[in-house]
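All remarks here apply to the structure that follows.
Counting starts at 1 for both ligands and their atoms, in listed order.
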Amino acid sequence: MKPYSSARDEYSGSASVFLDANENPFNDPLNRYPDPQQTLLKQRIAKLKGLPEAYVFLGNGSDEGIDLLFRVLCEPGRDHVITVDPSYGMYAVCAEMNNVERRSVLLKSDFSLDPDAVLAAVDEDTSLIFLCSPNNPTSNSLEREAMVKIIDGVNCMVVVDEAYIDFSKGPGLLSMLQEKKNLVILQTLSKAWGLAGIRLGMLFAHPELLAYISRVKYPYNISGLTIEAALRGLDDIEQKDKWIKEILEQRSKMATELESLPYVRRVYASDANFLLIKVDDPSAVYEFLMNKGIIIRDRSSVPLCEGCLRITVGTGEENRDLLSALKIFQP
Ligand code: PMP
């Protein structure tokens with residue numbers, strides 16, 4: 001297909017009079033369309049991640065990247081995708097939205113990845129496999145060797161969603177990207193960088209795939225305000241690292257305190273900025289907290305997560321409020 005060519009796509013170099021895009025000449029700088037290719041921001045992110053710029057695509061959150069993968073790589077009604085569950089809900093939503101069949105392979109009962117089970121579900125109509133590491137909602141990282149076994153064992157694209165990678169002990173798969181042409185990695189500014197409000201997701205993949213994705217995306221998919229806020233945020237790596245350190249400290253404190261509650265059966269080891277816990281009566285705990293104005297996520301209806309609640313690690317004060325409430329909960 002021939003992509004939409006915006007006024008700003010056709011021009012490069014220096015100019016001072018812009019009468020090409022039917023903008024309002026007043027209200028600088030918000031009157032102007034943003035850079036459709038987000039060149040400066042991509043350069044900054046590529047440098048930060050140690051990748052060539054051609055491997056970077058930016059979306060309106062990772063969610064846009066997920067949807068574009070379906071639209072570009074899947075033939076509706078014919079192809080299918082594989083998700084490894086339980087996992088992030090948008091893979092299933094995007095599959096349905098795009099009329100693409102989804103085959104679900106369960107994690108093992110200890111939440112580890114079974115690469116052979118995934119490989120057994122693959123056939124010639126598999127177009128995408130979604131892995132999430134660290135995984136939401138189970139909070140564990142998937143085993144590196146198991147992920148590589150899948151990537152190396154298939155012809156289709158394998159998406160590894162690393163939204164929570166900054167909270168994890170392991171380095172993730174970014175260093176493999178240039179040698180594995182069927183690997184797509186998703187990361188985001190929504191978690192460790194504290195910028196969920198600006199909506200900026202990063203999709204790293206081979207330039208050949210990104211060329212197709214770039215043709216399908218909306219012309220100005222990242223707003224000027226987002227580009228500006230992202231550049232500012234990325235300038236302060238120290239701040240991001242401080243937040244991660246604080247969140248990890250809070251996570252381990254919270255885990256210890258949760259474990260001491262009589263109705264908490266298990267606190268799963270977490271590699272992310274949230275904890276998954278198993279309790280005797282999840283909906284009673286969930287509602288009790290909600291009535292106190294504390295909102296967590298009830299994941300008890302999700303396969304393998306019977307009795308489970310997911311709790312994001314907040315500030316020290318927020319976590320203290322949560323724990324004080326949980327201490328007076330009567331099962
Ligand atoms: N991937 C995972 C695994 C997530 O849990 C989330 C958000 N909860 C996202 C992606 C969405 O990220 P973004 O805000 O970049 O759309």
> Salt bridge check: are Glu208 and Lys181 linked by an N-O gap of less than 4.0 Å?
Replying inline: yes
> Roughly how far apart are Asp236 CG and Lys242 NZ, rounded to 0.5 Å?
Replying inline: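 Result: 7.5 Å between the selected atoms.
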Proximity of [X] to ligand 1 by residue part, where a heavy atom lies under 4.0 Å:
X: Lys191; value: side chain
X: Asp63; value: both
X: Ser190; value: side chain

>> In this structure, is the centre-to-centre distance between the rings of Tyr164 and Phe274 below 6.0 Å?
In response: yes
> Is it true that Tyr33 and Phe18 have ring centroids separated by less than 6.0 Å?
Replying inline: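 No: the rings miss the under 6.0 Å criterion.
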Enumerated ligand 1 atoms positioned under 4.0 Å from heavy atoms of [X]:
X: Tyr164; answer: 3 (C), 4 (C), 5 (O), 8 (N)
X: Cys132; answer: 3 (C)
X: Arg199; answer: 13 (P), 14 (O), 16 (O)

> Considering only heavy atoms from C-beta outward, does the side chain of Val184 approach that of Phe204 to under 4.5 Å?
Replying inline: no
> Yes or no on side-chain hydrogen bond (donor to acceptor under 3.5 Å, both in side chains) for Asn31 and Glu23, after CA distance, side-chain angles and deciding distance?
Replying inline: CA-CA 6 Å; Asn31 58 331; Glu23 296 153 334; 5.7 Å; no
>> Side chain or backbone, does Tyr88 bring an N or O within less than 3.5 Å of an N or O on ligand 1?
In response: no
> Is there a nitrogen or oxygen of Tyr91 sitting under 3.5 Å from a nitrogen or oxygen of ligand 1?
Replying inline: no
>> Between Arg310 and Asp298 (side chain of the first, backbone of the second, donor and acceptor by atom type, cut-off under 3.5 Å), is there such a pair?
In response: no
> Which option, Asp161, Asn135, Thr312, owns the non-hydrogen atom nearest atom 2 (C) of ligand 1?
Replying inline: Asp161
> Looking only at protein heavy atoms, which one is nearest to atom 13 (P) of ligand 1, and how far off is it?
Replying inline: Ser62 N, 3.4 Å
